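No experiment lies behind these values; they were computed from the predicted model shown.
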Amino acid sequence: MLLPPYNGLSGLRRLVGDDPWAGVAAQRFLKDAEAVLDTPPIAHALDRRGTMLDVARRISTRIQTLGVSWMISGDPRFQRRIVRELVSVAAFPDWNRSHFIDTAETMAAVAIGRGWCEPVLTREEDAFIMEALARLGLVPARSSLQRPSPWVTANNNWTVVCAGASILGALSARKARPELAAEVLRDAKAVFAAALRIFEPDGGWPEGPGYWAYATDYAVLALAALDAAGDRDVEPPRAFLESWRFNRAMTSPAGLSFDYGDNLLEPERSHGLGWLAHRSGEAQAAAWQRAAPGAPRPFDLIRGATMAAAPASRAQVDRFEAAGVCMLRDGDIWVGLKGGSNAVNHAHLDLGTMVVEMQGQRFFGELGRENYEAPGYFEPERRFGYFRTRTMAHNTIAFGGADQSIGASATLLGPRAAGSISAVCTVHDPDAPCLFRRAVEIVPGGGVVVADRVTPRPGVRVEADWLAYTRAEATEHESGAVLSLGGCRVTLKMVAPPDGRMVVEAAPSPAGESDNSAFRRIRMRFAVGGEAATLTTVLASDPAAIPLLLEQAKPLHAWLAEQAAEI
């Protein structure tokens, strides 16, 4: 069995019988598996982008659901239905080699399913499936690794997924196709081991929480398969084993993600959390597997963590250097601040953007990603023509209505002082007319303070826009606004340069692009020239706390001044 459950089948069945969380998930999987028995196998199809990703993922989900249901129940119908799916996939005309990640996900699903069903496969079935695995999966993988294809050196989710899936395929084929499997395994392990270093130094993932989950899923599958095969050539870095902390930190008290770039607001659950808990040996990791948003997935049971959970620490400041993000929290107040690089895969031109939750509501939020099927969305020369990817579409400061450059980056520091719940972001953009720094602090019992400092280059005069997007009803009020959302209310107040003009307006929805009508935009336009301009923004649950928050802005502005750099 390529991926056996921890503690064997008997241990899995005890977990399901003794643990209410696992028992509820098991009943759902059994119900879903029963429903599959009356449906035809998944058919080959391409989406409008010409990819087979949706099909590959449906195949993977189906095989995993059937597999865990068979392990739980021992019902041979589920195992035989996996065989039927494998034979169907093996008969596909191709696994969409031109978009190799489709091939990779399909190959991984076939390798996992074959490992679970090998004892019941007829000789003819196994030969047919193995021939397809080699011809449609491993031969293209070998070609990609040796050429090499762009994913081999990309250092993003593709690198981990494609190399990890190639390892799964090669391990499945070692007996039937030893030479081909050995070649692929050798090269894929080297690429995979290097890609795991992306998680260093602290477990963060530059593409964001959704792509962390995707990369982690396939990293864990490959590492677990290597463990089961007795192959110890790839030792995951400690930063990877602790990367569940990034997943936890990026999830707000309301159970939502810091959805910068192409990430989604609803968190994407990783089925690797249980494996990370086992390998890291951390009780809090086991607790997070249970607490993480989203319905359990089959591998949550196959790799179910059963360690006693320690009380979760409420780290007030979580900063991830490689990912370029910092999260601040105190009770139900939660702020995400974005630094990093605009050149990262799936990034928007959004350095300095922030999201703010108070009272369980996302008062400052992201518009989200554009439709992946939008023409040219993944072509650099067209991607940043879409409004949602541009600087004016984010909770940051834009200069003259222009975008940040793709080559811009931002450093994050924090906290301001011992015990403070704060962070500062400095944007480095050689093409920008101004240097921009932002500091954010949560004041316990008060609210959120945002201090901005904009320093123009010599001789520059430009209009700047301070921007924030909200789903709340926003009513302008005394140099600010009252924001109402989900039965909750916060007061926003701004202190800006004398010429600043704040408006609440509809979020733009350019023709032919995504609809942003659910959002309102708070915009403060002000002029910059000569001396540095400073802005203070506070959000308070109780208007009576506004003076306290404004007073707290003073040390924040002093901190920003201390961080002064050459322009």
Side-chain angles (χ1 to χ4, degrees), residues 1-3 26-141 161 165-166 168-169 171-173 176-177 217-218 221 225 271 295 297-299 301-302:
M1 188 181 289
L2 185 65
L3 290 168
Q27 289 306 309
R28 182 172 64 83
F29 296 139
L30 288 165
K31 181 179 178 181
D32 290 347
E34 283 284 354
V36 166
L37 298 178
D38 296 325
T39 63
I42 295 168
H44 181 278
L46 300 180
D47 62 22
R48 285 186 291 179
R49 286 197 293 151
T51 81
M52 203 180 83
L53 267 180
D54 180 64
V55 166
R57 289 170 183 177
R58 289 169 55 212
I59 291 167
S60 180
T61 297
R62 180 169 287 189
I63 286 174
Q64 290 177 29
T65 300
L66 290 163
V68 75
S69 297
W70 160 69
M71 294 177 197
I72 292 166
S73 66
D75 190 331
R77 296 178 303 155
F78 299 137
Q79 200 174 31
R80 285 303 306 171
R81 180 53 198 259
I82 294 175
V83 174
R84 187 180 172 194
E85 294 291 338
L86 294 175
V87 170
S88 174
V89 175
F92 282 6
D94 60 70
W95 291 350
N96 206 28
R97 168 69 180 88
S98 62
H99 192 244
F100 186 79
I101 207 162
D102 304 5
T103 299
E105 291 202 28
T106 306
M107 174 167 51
V110 169
I112 292 167
R114 179 177 177 270
W116 289 342
C117 295
E118 196 169 4
V120 301
L121 288 168
T122 67
R123 183 175 301 175
E124 293 76 15
E125 288 168 338
D126 195 32
F128 185 63
I129 294 165
M130 180 51 62
E131 191 279 332
L133 182 66
R135 175 173 51 86
L136 301 178
L138 290 171
V139 169
V161 172
S166 297
L168 288 163
L171 289 174
S172 180
R177 301 291 179 95
D217 281 354
Y218 278 87
L221 289 174
H271 65 54
R297 297 171 61 188
F299 272 101
L301 299 189
I302 295 172

Could you go step by step and tell me if W70 and V120 meet the side-chain contact (heavy atoms from CB on, under 4.5 Å) rule? CA-CA 13 Å; W70 160 69; V120 301; over 6 Å; no
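- Counting heavy atoms from C-beta on, the side chains of E85 and I42 come closer than 4.5 Å.
- The heavy-atom pair separating L30 from S73 by the smallest distance is CD2-CB, 4.1 Å.
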How far apart are the C-alpha atoms of L66 and R84, what are their side-chain angles, what is the distance that settles it, and do they pass the side-chain contact (heavy atoms from CB on, under 4.5 Å) test? CA-CA 11 Å; L66 290 163; R84 187 180 172 194; over 6 Å; no
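- Here the shortest heavy-atom pairing between A134 and P140 reads O-CD, 4.2 Å.
- Closest approach of I72 to A26, counting heavy atoms only: CD1-CB, 3.6 Å.
- Of all heavy-atom pairs spanning A56 and T106, the tightest one is CB-OG1, 3.4 Å.
- For the atom pair CZ (R114) and CE (M130), the distance works out to 3.5 Å, reported to the nearest 0.5 Å.
- Annotation: side chain of R177 is not in contact with side chain of L138 (no heavy-atom distance under 4.5 Å).
- Counting heavy atoms from C-beta on, the side chains of R297 and T61 never come closer than 4.5 Å.
- A donor-acceptor pair under 3.5 Å links the side-chain atoms of T103 to the main chain of W95, judged by distance alone.
- To the nearest 0.5 Å, atoms CD1 (I82) and CZ (R77) are separated by 13.0 Å.
- M107 contributes atom CE, which lies 11.0 Å from atom CD1 of I112 (distance to the nearest 0.5 angstrom).
- With sequence neighbours excluded, no residue forms a side chain to side chain donor-acceptor pair (under 3.5 Å) with Q27.
- Using a 4.5 Å heavy-atom threshold, the side chains of V68 and F299 count as separate.
- Interatomic distance, L121 CG to I129 CD1, rounded to the nearest 0.5 Å: 5.0 Å.
- S69 places a side-chain N or O within 3.5 Å of a backbone atom of T65 that can act as its donor or acceptor partner.
- A distance-only check finds a donor-acceptor pair linking the side chain of W116 to the backbone of L3 [under 3.5 Å].
- A donor-acceptor pair under 3.5 Å is absent between the side-chain atoms of S172 and the main chain of L168, judged by distance alone.
- Scored by the salt bridge (Lys or Arg N to Asp or Glu O under 4.0 Å) test, R80 finds E125 as partners (sequence neighbours excluded).
- When all heavy atoms of V87 and F128 are compared, the closest pair comes out as O-CE2, 3.5 Å.
- Atoms CE and CZ, on M52 and R97 in that order, are 13.0 Å from each other to the nearest 0.5 Å.
- Shown here for E105 and V161, the closest heavy-atom pair between the two residues is CG-CG1, 4.3 Å.
- Considering CG of N96 and CD1 of I101, their distance stands at 11.5 Å, rounded to 0.5 Å.
- For the side chain to side chain contact (heavy atoms under 4.5 Å, CB included) criterion with P298, the lone passing option out of H271, M71, Q64 is Q64.
- At a cut-off of 3.5 Å, with distance as the only test, a side-chain donor of H99 or D102 sits close to an acceptor on the other residue.
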